[in-house]
Each structure stands twice: as C-alpha cells, then as structure tokens.
Amino acid sequence: MNAHWTRVIIHVDMDAFFAAVETLLNPELRGKPVIVGAAPQGGKGRGVVSTASYEARLFGVRSAMPISTAYRLCPHGIYITPQGGVYAQYSRQILQILEEFTPLIQKVSIDEAFLDVSGHPLLGKMSPTTAAVRALGLHIKQRIVSETGLTASLGISSSKSVAKIASDFQKPDGLTIVAPHQVQAFLDPLPVRRLWGVGEKTFQTLARLGIQTVQDLRGYSPELLEQKFGKMGPHLLRMAQGIDERPVSEREEIKSVSHETTFSLDQTNREIITSTLLSLAEQVSTRLRKYHLRGRTIQLKLRFSDFSTFTRNKTLPAPTCLTGEIYTVSRKLLEQFALNEKPVRLIGVGVSQLVREDDLQMSLWDAENQRQERLEKIRDQLQEKYGISALRHAQTLAAQKRKSRDPGTA
Ligand code: TTP
Ligand code: MG
C-alpha cells in the first residue's frame with residue numbers, strides 16, 4: 001500500500017548510552033552487566049543508577065533505581081561511576097554526524113535528537129517511498145556505528161510524537177518505521193502511558209476512567225476529556241490519533257530545571273537540610289540563567305528514609321531565576337513537613353512553567369530584581385572562569401563542606 005509521507009521525522013536515541021561508552025572504552029566489559037551510577041558500597045551505597053547495560057537490565061536494573069536495589073538484584077554486576085565529560089564528547093560527535101543529514105535538528109538530551117530529513121536527496125523530490133525512508137534510516141545507523149562504535153535506535157514517522165515512541169520499540173540497535181497509513185494501528189494497542197505528555201498524574205486519572213490503551217483514549221468522548229483535563233484533553237486526543245504538527249526546532253524545549261541530591265546519611269538535622277536546599281536552589285538558578293529562562297512554579301521534592309516521596313509546589317505571581325527567591329519559596333514549602341519525625345533521604349528543587357527572557361515583559365520584573373539578576377550573572381561568569389569562588393554564598397560553601405554528595409543523582 002502506498003504511504004504518503006508528508007514529513008519524514010527521525011528520533012535517534014542511543015542504546016544504554018553511558019554504559020555503551022564505558023564498554024567502548026574498556027572492551028572487557030562487553031557482554032557483561034554494566035551499571036553506571038553511584039558507588040554500591042557492598043549494597044549500602046546511596047544515590048541512584050544512571051543507566052545499565054542490556055545485560056544488567058535482564059536482572060531488573062533500571063535508570064533512577066536506588067543503587068542499593070541494583071546491588072541486591074545484580075551483586076556481580078560491574079559498577080562504574082559516571083564520567084560526564086566523555087559522554088558529552090561522544091554526544092557532540094554523534095550530533096556532528098546527524099548534522100550532515102539535515103540542518104533541522106533538535107537535540108533533546110545527551111543521547112537523543114529529532115531530525116527532519118524531509119528534503120534529503122536520498123528520499124527524492126516527490127513524497128518518498130517507505131523503502132527509501134528505510135534505506136536512509138539504515139544509512140544513518142551505519143554512519144553512527146562505524147564512526148563511534150556505538151549503536152543507536154531510530155524511530156521514523158511523519159510526526160515527532162510517533163517517531164519518539166517508535167525509537168523505543170525495538171531497542172537496542174532498532175529501526176522502527178511507522179508509515180503514515182500505519183500510525184493508528186501502531187498506536188492503538190499501546191498503553192496510554194507511552195504517549196508523549198502522559199505523566200504519572202494523567203496516567204492515574206486515565207486509569208480511573210478505565211482508559212488503558214490508546215484505542216480506549218481515542219474512543220472516549222472529547223467533551224468529557226476536556227472536562228477532566230482542561231486544555232490537555234484535546235491535546236491527549238490528538239496524541240492518540242497520531243496528530244502532531246510540531247516542527248523539529250533547534251531551540252531546546254526545556255520544560256523544567258531541577259536538581260536533587262541523596263544525603264550520604266539520612267538527615268534529621270534541619271540546618272544541614274536547609275543549607276543543602278540553598279545549594280540546590282543555587283544550582284537550579286544558575287542553570288535557568290544559563291538558558292535565559294525564568295520559571296513561575298517552584299517545586300520541592302522530599303524522600304524520607306522509608307522511601308515515601310512527597311512533592312509540594314508554589315506558583316509565583318511573576319517568573320524568577322533568582323537564587324534567593326527560589327530558596328525562600330522552597331524553604332517555606334519545606335516548613336510544611338515535620339522534619340524531626342522521619343529522616344530525609346533525598347531532597348530536590350525544581351522550577352517549571354518556564355518563559356524565555358526575551359518573551360518576558362520587563363515591567364513585571366522590578367528594578368531590584370534586575371539588579372540582583374545582573375549580580376548573579378556576574379557571579380555565574382566568575383564561577384565559569386575560575387571555578388567555585390569566594391563569591392559563592394557563604395552558607396552554600398558551608399553546606400558543601402558538611403555533606404558529601406553521591407554521584408549518579410538524576
Ligand atoms: P536514556 O536514553 O533514557 O537511557 P539509555 O540510553 O541508557 O538506555 P536506552 O537504550 O533505554 O535509551 O538516557 C540516556 C543517558 O542519560 C543514560 O545512558 C544515562 C543518563 N540518565 C541518567 O543519568 N539518569 C536517568 O534517570 C536516565 C533516564 C538517564
Ligand atoms: Mg538512550
């Protein structure tokens with residue numbers, strides 16, 4: 001059957017990325033369960049798994065799992081502490097290869113990107129055939145593996161959301177092509193959780209409505225969906241129908257910026273917890289300023305020693321990127337918890353509802369805030385140039401001295 005490809009969108013996602021790079025650098029690891037993350041310390045380690053090789057996944061080890069759980073599941077695994085710089089180098093090399101195929105690239109994360117290859121010469125001038133699309137996909141995979149030694153999984157369809165689901169479909173070393181006339185049949189049997197934009201909360205609400213598969217969602221009344229989810233309702237329906245016109249744009253779509261840390265010992269000491277909070281607020285605000293972003297919603301995340309996890313958030317009247325403001329708000333959120341009852345294992349701060357600096361009406365942003373922002377930006381520049389400097393908040397430094405932070409926090 002002839003498929004009319006209006007656009008050809010590819011989602012590239014590297015396989016077990018950090019673990020694959022480690023294996024490349026040390027071929028003895030090939031075929032073994034490799035776990036990249038915090039030190040396991042014989043099962044007593046804190047912090048989390050960054051990623052695991054597919055051999056380790058057979059034991060149930062997954063990203064973001066506590067390293068102690070990974071150790072219980074796979075005590076004979078090979079545990080490696082992540083070395084960020086090397087992964088970033090490979091990430092850049094992969095991006096350079098992809099840039100040879102199209103200028104329309106959107107990098108999504110360190111090992112993931114969207115490509116719009118609609119105009120590629122291999123696809124011809126008219127609407128391309130699925131065979132031509134497949135040949136181009138194989139060619140890209142081949143270039144990546146021959147030049148880096150790493151395998152990628154590709155999903156190809158005529159929209160970003162379907163391409164993204166498809167790249168995950170036959171991992172590792174996969175190539176999944178969903179031609180336009182196959183989109184609905186491809187999506188229908190999938191659990192709704194696989195759709196882009198369906199997070200835990202939406203998933204729970206959908207489950208309560210008895211909606212499990214994409215097909216269930218597609219058959220649901222649009223009016224009721226809008227009643228339950230507001231503006232998100234029509235969006236969900238479009239995702240379920242595979243309708244997604246969003247362009248592949250060079251600008252990264254950052255939805256939120258967050259940092260979290262696992263204490264090396266569960267904490268009840270309020271002073272240590274709040275100074276860690278200040279350090280996290282500072283890291284988050286530095287990232288916001290780096291990306292020229294500000295956010296309106298501040299979120300605090302707490303995990304207690306029994307692994308119960310809570311989030312609290314507050315939405316501000318105007319968006320911010322200031323350490324002081326993010327810290328003050330998250331500290332108020334922290335006060336909603338009785339910290340002396342249960343020790344804290346993990347604490348995190350996030351900022352969402354982001355706006356770009358250039359989209360912001362400056363009148364919303366009073367003179368004092370502007371002055372403060374300029375100061376913080378100068379501090380960022382000094383930090384970048386000279387590393388941690390005496391200009392950092394004294395309290396942050398004190399906090400850093402007091403606690404040691406595990407690597408591998410997501
Ligand atoms: P992913 O692409 O989510 O995972 P992956 O490449 O390891 O495995 P897959 O084959 O399933 O794609 O993330 C890319 C890298 O980002 C991953 O190798 C390590 C890092 N990462 C973390 O550090 N913490 C996390 O929780 C996740 C999900 C990823
Ligand atoms: Mg990956």
Side-chain angles (χ1 to χ4, degrees), residues 10-26 29-30 32-40 45-67 69-70 74 77-95 97-98 106-115 140-141 144-145 148-155 163-176 193-194 196 199-200 252 254-262 283 287 301 303 309 346 348 350 405-410:
I10 305 183
H11 182 250
V12 179
D13 189 327
M14 303 304 293
D15 301 319
F17 187 49
F18 292 4
V21 172
E22 294 295 344
T23 307
L24 195 65
L25 300 177
N26 178 7
L29 301 179
R30 198 170 297 149
K32 298 195 176 140
V34 176
I35 295 149
V36 181
R46 322 270 307 181
V48 295
V49 173
S50 296
T51 194
S53 67
Y54 279 75
E55 289 81 358
R57 293 183 198 190
L58 294 177
F59 296 90
V61 180
R62 297 282 180 272
S63 290
M65 167 184 277
I67 200 79
T69 311
C74 190
I78 298 163
Y79 288 83
I80 298 174
T81 309
Q83 33 173 344
V86 186
Y87 313 136
Q89 263 173 21
Y90 276 95
S91 178
R92 274 194 295 276
Q93 195 192 349
I94 295 156
L95 210 61
I97 297 171
L98 299 178
Q106 182 178 355
K107 186 178 177 219
V108 183
S109 75
I110 190 158
D111 84 328
E112 234 184 295
F114 285 108
L115 279 66
I140 294 175
K141 278 169 64 74
I144 296 175
V145 77
T148 67
L150 298 166
T151 62
S153 291
L154 267 59
K164 176 144 171 95
I165 298 171
S167 70
D168 212 26
F169 218 65
Q170 299 179 66
K171 263 183 168 293
D173 203 14
L175 172 63
T176 305
R193 191 76 171 87
R194 297 284 283 271
W196 207 357
E200 187 55 33
E252 253 174 293
I254 304 174
K255 291 244 161 58
S256 67
V257 171
S258 63
H259 275 283
E260 60 184 45
T261 189
T262 307
Q283 290 175 62
R287 283 249 301 282
K301 175 175 169 186
R303 178 171 296 151
T309 306
L346 172 151
R405 196 171 301 143
D406 277 354
T409 44

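First listed ligand is number 1; within each ligand, the first listed atom is number 1.
- Contacts between Tyr54 and ligand 1, counted as non-hydrogen atom pairs separated by less than 4.0 Å, involve the side chain only.
- Partners of Asp13 by side chain to side chain donor-acceptor pair (under 3.5 Å), not counting sequence neighbours: none found.
- Here's the thing with Phe18: one of its N/O atoms is less than 3.5 angstrom from an N/O atom of ligand 1.
- By the 4.0 Å heavy-atom criterion, Glu112 is excluded from the residues contacting ligand 1.
- The option from Asp15, Val108, Val49, Asp111 that lies nearest to atom 2 (O) of ligand 1, judged by heavy atoms, is Asp111.
- Proximity to Ser63 (heavy-atom distance under 4.0 Å) selects the following atoms of ligand 1: 25 (C), 26 (O), 27 (C), 28 (C).
- Protein atoms of type N, O or S found under 2.8 Å from the Mg ion (ligand 2) total 3.
- When the side chain to side chain donor-acceptor pair (under 3.5 Å) test is applied to Thr309, the partners found at least two apart in sequence or on another chain are Arg303.
- When heavy-atom distances to ligand 1 are checked against a 4.0 Å cut-off, Glu22 has no atom that comes that close, whether in backbone or side chain.
- Looking at residues two or more places apart in sequence or on another chain, you find no salt bridge (Lys or Arg N to Asp or Glu O under 4.0 Å) involving Asp168.
- By heavy-atom distance, the residue among Met14, Arg57, Arg62 lying nearest atom 11 (O) of ligand 1 is Arg57.
- Taking a 4.0 Å cut-off on heavy atoms, Pro172 fails to register as neighbouring ligand 1.
- Polar contact with ligand 1: present for Phe17 (N/O pair, distance under 3.5 Å).
- Checked by distance only, ligand 1 and Thr51 come closer than 3.5 Å through their nitrogen or oxygen atoms.
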